[in-house]
Amino acid sequence: AFYLLIAALVGSRLLYVLINPSRYLENPVEVFKIWEGGLVFYGGLILAIPTGIWYIKKHALDLWGTADILAPSIAIGHAIERLGCFSAGCCYGRPAELPWAVTFNAPESLAIVGVPLHPTQLYESLGEFVNFLILIALRKKQTFKGELFWMYGLIYSVLRFTVEFFRGDIERGFILQWLSVSQALSAILFIVSVVMLLRLRKRP
């Protein structure tokens, strides 16, 4: 878990830097200022997976059995992490006229100040708490190794793709005007998760 945490921090920062290269080419020192925001979950996941595989192989552990043990923890950890995003104001939502819209007033907030916004951080946090509960419930009915891990990927990909429609921070990067980088990665994760669930289900 320690190595996964380090890999996730490095990967999440690297992806953000790659999405916003001009800012960091002009000021390379800014790359290390993670307290100013700029961590992309998918970047962390992309780097943590090979790190986890390396460690599992090195210690001759069961790959999918270990992944299943980690999956609920990833979900609950991500749910708590999004509460941190909400506290900092990063990953904020689009302007909204809703009873549950949130207005950030602190000058040091990373969100737009003084405007009611979708609390997208709380949307994702709640979704990941639900993801965690689903995985815990599914663990009792698990029929093959790898099922929990790829169910996590399946559920999260749908959650993140949906929440992205309500996000207001343009720094997260876009492939098309209507498709963010995270939505594209969510679509890939969804397809890979479905394929892996079908493949692993057929294994003896």
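Note that these values count all heavy atoms, side chains included, but never hydrogens, waters or copies made by symmetry.
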Going by heavy atoms in the side chains, are Pro107 and Val113 under 4.5 Å from each other? no
Backbone N/O of Leu47 and side chain of Thr51: donor-acceptor pair under 3.5 Å: yes
Any side-chain heavy-atom pair from Leu197 and Phe144 closer than 4.5 angstrom? yes
Is the number of heavy atoms from other residues, nucleotides or ligands within 6.0 Å of CZ (Phe129) greater than 12? yes
Are Val192 and Leu185 linked, directly or through other ILVMFWY residues, by side chains that come within less than 4.5 angstrom of each other? yes
Check whether Asp68 reaches the backbone of Leu148 with its side chain - one donor and one acceptor, N or O, closer than 3.5 Å. yes
Should we count CZ of Phe174 as having more than 12 external heavy atoms under 6.0 Å? yes
Just checking Tyr156 against His78, ring centres under 6.0 Å apart? yes
Parallel, tilted or perpendicular: which describes the rings of Trp54 and Tyr3, with under 30° parallel and over 60° perpendicular? perpendicular
Counting C-beta onward and ignoring hydrogens, is there a side-chain heavy-atom pair between Glu147 and Tyr152 closer than 4.5 Å? no
Is it the case that the side chain of Ser12 and the backbone of Gly44 share a donor-acceptor pair, with hydrogens and angles ignored and the cut-off at 3.5 Å? no
Grouping I, L, V, M, F, W and Y whenever their side-chain heavy atoms are under 4.5 Å apart, do Tyr16 and Leu179 come out in a common cluster? yes
For the pair Gln183 (side chain) and Ser180 (backbone), establish whether a donor and an acceptor sit closer than 3.5 Å, ignoring hydrogens and angles. yes
How long is the span from the CD atom in Gln121 to the SG atom in Cys90, to the nearest 0.5 Å? 6.5 Å
Checking the side chain of Gln142 only, and the main-chain atoms of Leu138 only, is there a donor and an acceptor separated by less than 3.5 Å? no
Compute whether any side-chain donor of one residue and acceptor of the other, for Tyr42 and Ser186, lie under 3.5 angstrom apart. yes
Side chains of Leu110 and Phe104: closer than 4.5 Å at any heavy-atom pair? no
Between Ser109 (side chain only) and Asn105 (backbone N and O only), is there a donor and an acceptor less than 3.5 Å apart? no
CD1 of Ile170: more than 12 outside heavy atoms within 6.0 angstrom? no
CZ-CD1 distance between Phe41 and Ile74, expressed to the nearest 0.5 angstrom: 6.5 Å
Under a plain distance cut-off of 3.5 Å, with no hydrogens placed, do Thr120 and Arg167 share a side-chain donor-acceptor pair? no
In this structure, would Ile155 and Ile69 fall into the same cluster of hydrophobic residues linked by side-chain contacts under 4.5 Å? no
Verdict with supporting geometry, Phe149 and Thr66, side-chain contact (heavy atoms from CB on, under 4.5 Å): CA-CA 9 Å; Phe149 180 79; Thr66 306; over 6 Å; no
